[in-house]
Each structure stands twice: as C-alpha cells, then as structure tokens.
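Predicted model, so just to flag it, every value in this text is computed and none were measured.
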Amino acid sequence: MKNISVTCKELRTLVSYFVDNPESVDISHSENQNGAVVFTVHLMKSDLENVTGKNNSNINAISHLIKYSFNNQDTELKLDVINNKEKSN
C-alpha cells in the first residue's frame, strides 16, 4: 500500500494549483468505520469554487488521480472538501 503521507503531499500539490493562497491548503486523513481512507481538504471559502470546478469537474479529476496514485484495490478512498477557513488579513 502506498504511504498515506506521500498521497497527502500529492493531493496538496494538486489542490494548490486551483487556489489563490496555496499555503492555506491543509490536508488531513482518517479511516472511517468501513475501513475507507478519507482525505479531507481544508481551504478558504473563496477557493471552493475553483477547486470544485464547473459541475465538480476539477475535484472529480483530482479524486481520480489520487485514487489512481494510491493504487490499492482493497482500500476504498474518499475525498471531502471543507471550506472552513477564513481569509486572514
């Protein structure tokens, strides 16, 4: 199985291309009750639309790349985006 910390770095790099302040992107991961690995992307509210894209096209592409990169047939992957960060002055 691929190292989850490496996948978090890859996910952060991918998401950073879509945001105004790449240093504000935080990635966390956990495992849910079904054993699925859940990656959570924390970003500023102003960046949500850029990351998700029209009809969720950007976030779907990012999700597919991460799933392909993780490359573990026995592990379900989920990607959540949370826009709970406020822009700092």
Side-chain angles (χ1 to χ4, degrees):
M1 175 167 33
K2 186 169 186 167
N3 185 328
I4 290 178
S5 65
V6 172
T7 305
C8 285
K9 289 177 187 176
E10 292 168 345
L11 179 55
R12 188 180 196 292
T13 299
L14 286 169
V15 170
S16 293
Y17 286 110
F18 296 97
V19 299
D20 292 329
N21 298 301
E23 64 280 352
S24 70
V25 175
D26 289 324
I27 308 294
S28 61
H29 62 85
S30 60
E31 190 172 309
N32 70 14
Q33 64 272 13
N34 298 327
V37 176
V38 179
F39 292 98
T40 305
V41 179
H42 303 270
L43 45 83
M44 293 192 308
K45 290 180 181 182
S46 60
D47 291 323
L48 180 64
E49 192 172 312
N50 291 336
V51 172
T52 56
K54 188 174 183 178
N55 297 321
N56 293 322
S57 59
N58 293 345
I59 199 64
N60 286 338
I62 291 169
S63 180
H64 286 291
L65 286 169
I66 291 302
K67 287 178 181 181
Y68 179 78
S69 170
F70 201 78
N71 198 22
N72 184 342
Q73 303 301 324
D74 298 329
T75 303
E76 179 184 358
L77 296 176
K78 293 182 181 269
L79 182 60
D80 295 332
V81 177
I82 299 176
N83 61 342
N84 61 353
K85 290 186 148 198
E86 295 293 334
K87 198 173 211 173
S88 59
N89 294 331

Just so I know, are the side chains of F18 and I62 near enough to count as touching, which here means a heavy-atom distance under 4.5 Å? yes

Flag if over 12 foreign heavy atoms under 6.0 Å of CD, E49: no

CZ of R12 to OG1 of T7: how many Å apart, nearest 0.5 Å? 15.0 Å

Donor-acceptor under 3.5 Å (N32 side chain, A36 main chain): yes

Distance col, row L14:CG vs I27:CD1, nearest 0.5 angstrom, shows 9.5 Å

d(S16 OG, E23 CD) to nearest 0.5 Å is 8.5 Å

Under a 4.5 Å cut-off applied to non-hydrogen side-chain atoms, are N50 and N58 in contact? no

Does D47 use its side chain to pair, donor to acceptor, with the backbone of D20 at less than 3.5 Å? yes

Mind checking the NZ-CG spacing from K45 to L48? Nearest 0.5 Å is all I need. 10.0 Å

Rounded to the nearest 0.5 Å, how far apart are CG of D26 and OG1 of T40? 11.0 Å

Should V19 and V51 count as side-chain neighbours, where that means a heavy-atom distance under 4.5 Å? yes

